There are 2 protein chains.
Amino acid sequence: MKYNSIGEVSALFNIPESALRYYDKKGLLPLIERDDAGRRLFSERQMALLQAVVCFKNTHMPINSIRKYMEMIVEGAPTLERRLDMMREHKQRMLDEIALLNDYLPTIDEKIERYIKQIEEERP
Amino acid sequence: MKYNSIGEVSALFNIPESALRYYDKKGLLPLIERDDAGRRLFSERQMALLQAVVCFKNTHMPINSIRKYMEMIVEGAPTLERRLDMMREHKQRMLDEIALLNDYLPTIDEKIERYIKQIEEERP
DNA sequence: ATACGACTTAAACCATGGTTTAAGTCAAGC
DNA sequence: GCTTGACTTAAACCATGGTTTAAGTCGTAT
């Protein structure tokens, strides 16, 4: 089994080591292994879980929610339905956020158009 | 000229008075008037500017950027082009954010589909 | 004249999501 | 054997975006 050090993972994911340690401390990287010297070992499985963390973080899931999701993964089958619910709710929040941004785009476009016209009038 | 008190504006926009005072303190509500007793008076103009602040906040513009934009509005015509640039950049960030969320939707959908299948397999 | 409700301020407090710092451990190369 | 680089920790620090608290000022209704 190939393991990556925190430095390698930091480079691969372009995430500061301090952030990876912070995520571990906050419970976002459960079941992480250590070598005899206490150094974190990231397996392929850990990398896949970290990829999920990155997805959730980029889509604005709070750290406490990510932690709960990761804890449920560790608990296994009994939490399948709760994880399904959580993903459905998260998807809905993502759709709501997309809708909100789309709804505000015309407001920004109006300001852009108005400024273009005003600039034309200012210097004829 | 009809003026609204901070309590009325709070109720109209559904924003806590404490937040409105915080925005004022941070320079998001320039040119706000006061009565003889020092109480804030929101004119129609102020309400329109507050509506813009709400739009920017909902679309995740940082408070410091909103403040700069509001300061440029006060400066008037000389800042028209900079405000146009700012709106174009903000629109692009909104589009980028929409694209990012859209790009992650399939990842979430895969998890949802996977959980549905696993739950079916668990209880036949 | 006094109590009440709506407002004011400055300063303290809070949550979130980290980064930085200081001190230490360990393996490897010189 | 000793330095160097990569790692470890706890604790302090930081930025953002507010809310809460304490103390005070008005205007009005009783």
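Please read these numbers as outputs of a predicted model, since none were measured by experiment.
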- I would like to know whether A:L105 and B:L95 meet side chain to side chain contact (heavy atoms under 4.5 Å, CB included); could you show each step before the answer? CA-CA 9 Å; A:L105 273 178; B:L95 292 174; 3.7 Å; yes
- Query: Can you list the steps and then say if A:R88 with B:I112 is a side chain to side chain contact (heavy atoms under 4.5 Å, CB included)?
  - Reply: CA-CA 7 Å; A:R88 281 178 165 150; B:I112 289 171; 4.1 Å; yes
- Task: Would you check, one step at a time, whether the test salt bridge (Lys or Arg N to Asp or Glu O under 4.0 Å) holds for B:R21 with B:E17?
- Result: CA-CA 6 Å; B:R21 292 194 188 97; B:E17 294 184 20; 2.9 Å; yes
- Please lay out, stage by stage, how A:R83 and B:R114 fare under the test side chain to side chain contact (heavy atoms under 4.5 Å, CB included). CA-CA 11 Å; A:R83 279 182 274 162; B:R114 191 158 40 74; over 6 Å; no
- Worked verdict on A:T79 versus A:Y69 for side chain to side chain contact (heavy atoms under 4.5 Å, CB included): CA-CA 9 Å; A:T79 64; A:Y69 180 80; over 6 Å; no
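The minimum heavy-atom distance between B:E8 and B:S5, with the atom names listed, is OE1-N, 2.8 Å. Summarising the geometry of A:T107 relative to A:D103, their closest heavy-atom pair is OG1-O, 4.4 Å, with the distance given to 0.1 Å. Listed here is the closest heavy atom pair of B:I108 and A:C55: CD1-SG, 3.9 Å. Minimum interatomic distance between A:L28 and A:V53 (heavy atoms only, all atoms of both residues): O-CG2, 3.5 Å.
B:I66 and B:L31 are assigned to two separate hydrophobic clusters, defined by single-linkage of ILVMFWY side chains at heavy-atom distances under 4.5 Å.
Contact check on A:E71 versus A:R67 returns a salt bridge, with a Lys/Arg side-chain nitrogen under 4.0 Å from an Asp/Glu carboxylate oxygen.
The overall bend of the helix from C:dA1-D:dT30 to C:dC30-D:dG1, read as the angle between its terminal helix axes built from five base pairs each, is 30° when rounded to 10 degrees.
In this structure, B:N64 and B:A19 both approach DNA chain D, and ranking their closest nucleotides by distance from the 5' end singles out B:N64.
Between B:H90 and B:M86, the closest side-chain pair of non-hydrogen atoms is not below 4.5 Å.
For DNA chain C, the contact window with chain A, defined by any atom under 4.0 Å from a protein heavy atom, covers C:dG17 to C:dA27 in 5' to 3' order.
Expressed to the nearest 0.5 Å, how far OG1 of A:T59 lies from CE of A:M94 amounts to 5.0 Å.
Contacts between residues 55-63 of chain A and DNA chain C, defined by a heavy-atom separation under 4.0 Å, are made by A:K57, A:P62, A:I63. Within residues 65-74 of chain B, no residue has any heavy atom under 4.0 Å from DNA chain D.
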Dump the pairs, protein N or O against N or O of nucleotides 2-7 of chain D, anything under 3.5 Å, distances to one decimal.
{"from": "D:dC7", "atom 1": "OP1", "to": "A:S5", "atom 2": "OG", "distance (Å)": "2.8"}
{"from": "D:dC7", "atom 1": "OP1", "to": "A:G7", "atom 2": "N", "distance (Å)": "3.3"}
{"from": "D:dC7", "atom 1": "OP2", "to": "A:E17", "atom 2": "OE2", "distance (Å)": "3.4"}

Extract all donor-acceptor atom pairs below 3.5 Å that involve side chains of residues 35-52 of chain B and protein atoms in other chains or at least two apart in sequence.
{"from": "B:D35", "atom 1": "OD1", "to": "B:A37", "atom 2": "N", "distance (Å)": "2.8"}
{"from": "B:D35", "atom 1": "OD1", "to": "B:G38", "atom 2": "N", "distance (Å)": "3.0"}
{"from": "B:D35", "atom 1": "OD1", "to": "B:R39", "atom 2": "N", "distance (Å)": "2.9"}
{"from": "B:D35", "atom 1": "OD2", "to": "B:R39", "atom 2": "NE", "distance (Å)": "2.9"}
{"from": "B:D35", "atom 1": "OD2", "to": "B:R39", "atom 2": "NH2", "distance (Å)": "3.2"}
{"from": "B:R40", "atom 1": "NE", "to": "B:D24", "atom 2": "OD2", "distance (Å)": "2.7"}
{"from": "B:R40", "atom 1": "NH2", "to": "B:D24", "atom 2": "OD2", "distance (Å)": "3.4"}
{"from": "B:S43", "atom 1": "OG", "to": "B:R45", "atom 2": "N", "distance (Å)": "3.4"}
{"from": "B:S43", "atom 1": "OG", "to": "B:Q46", "atom 2": "N", "distance (Å)": "3.1"}
{"from": "B:Q46", "atom 1": "NE2", "to": "B:P30", "atom 2": "O", "distance (Å)": "2.9"}

